[in-house]
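Positions are given from 1 along the sequence. These values consider heavy atoms only, across backbone and side chains, with no hydrogens, waters or symmetry-generated copies.
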Amino acid sequence: MFYVRTSILPDSTHVVLRGQPSEASSQSFSGRVLFGLAHSLKVKRITVSFQTAGSIKHQLPSQNGCVPVHMEQVVFDASNSLNGWTIWKPNRYGCSATNYEFPFAFVLPGHLHESANTPFGSVCYEIKTTVHTCGFGINTWSESIKIPVYRTPKEGSPQALQLTDALHTQADWLGAVELLVSHGTMAVADNSKMNVNIVVRPLQKGLLLADIGLRLSETICHKSLTNRFGDLRTSQSTVSVRRKVTGDPAKGLTA
């Protein structure tokens, strides 16, 4: 049985679009695909695609621009050869070594919808490479990796400047406790630390503070989805939960 080991090495693990869909510039996305062989193989064609991942029924509705995406590039084509295919042979190191390597590049439009994963549906993308071979048995070998697409405000725009402002949130609980939460900026990059300052201010005497916690949640509003009342549907997921015990929960700290 033939065996092909495929590795997809993008130059970047994600795509960042800057600005609203109507103003964002196109972004280039490139990389390499590597193939290792365990046996000789008759190869007809190799394609690399940037496309919507999964079936259409698992995607958000297309009323808000969430249309399927499929961009394909042929990186190897043996159709002009005598037999319509070329024999690839493994090197002496076998399938653990790279035998063939091909670059790829795509220009992604600025209006591309950013990635999202919600209970109502998802928008996700992938890079997929497919090897078309000639012979008996399996004649197509495919490999894919997910590529998230993010959208950020355009540099210098009012939205971008607003995100550099400090975050301050204040809450009052029954006129007994005041809670202040602050952070250096309103925007935080993925996989980075978020140092939050929490101040609990008692408004009455004799209160006991047993513990304090903070929950960070992400809320997504779906412009193309509405409920039976016509309201926009939203989904919320918990990103992180932190809880700090101030002392003996039975005694707490006296305010």
4.5 Å side-chain heavy-atom contact, Thr133 and Trp141: yes
Contact check, side chains of Ser49 and His70, non-hydrogen atoms, under 4.5 Å: yes
Quick check: does any side chain N or O of [X] sit under 3.5 Å from a backbone N or O of [Y], one acting as donor and the other as acceptor?
X	Y	value
Arg151	Gly19	yes
Thr52	Val69	yes
Ser115	Val149	yes

Set of residues satisfying side chain to side chain donor-acceptor pair (under 3.5 Å) with respect to Ser30, sequence neighbours excluded: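 Once residues adjacent in sequence are excluded, the partners of Ser30 under the side chain to side chain donor-acceptor pair (under 3.5 Å) criterion are Asp11.
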To the nearest 0.5 Å, how far apart are [atom1] in [X] and [atom2] in [Y]?
X	Y	atom1	atom2	value
Leu9	Glu101	CG	CD	8.0 Å
Gln51	Met71	CD	CE	11.5 Å
Leu167	Asn197	CG	CG	11.5 Å
Leu108	Ser26	CG	OG	8.0 Å
Ile147	Phe50	CD1	CZ	7.0 Å
Tyr100	Thr86	OH	OG1	9.0 Å

Other ILVMFWY residues reachable from Ile87 by side-chain steps of under 4.5 Å: Trp85
Aromatic plane relationship, Phe104 with Phe106 - under 30° parallel, 30 to 60° tilted, over 60° perpendicular: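 Rings of Phe106 and Phe104: tilted, 30 to 60°.
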Parallel, tilted or perpendicular: rings of Phe102 and Phe76 (30°, 60°): tilted
Worked verdict on His132 versus Thr47 for side-chain contact (heavy atoms from CB on, under 4.5 Å): CA-CA 8 Å; His132 301 271; Thr47 60; 4.1 Å; yes
Pairs touching residues 173-185 that satisfy salt bridge (Lys or Arg N to Asp or Glu O under 4.0 Å), sequence neighbours left out: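 Checked against salt bridge (Lys or Arg N to Asp or Glu O under 4.0 Å) - neighbours excluded - the pairs reaching residues 173-185 are Glu178-Arg201.
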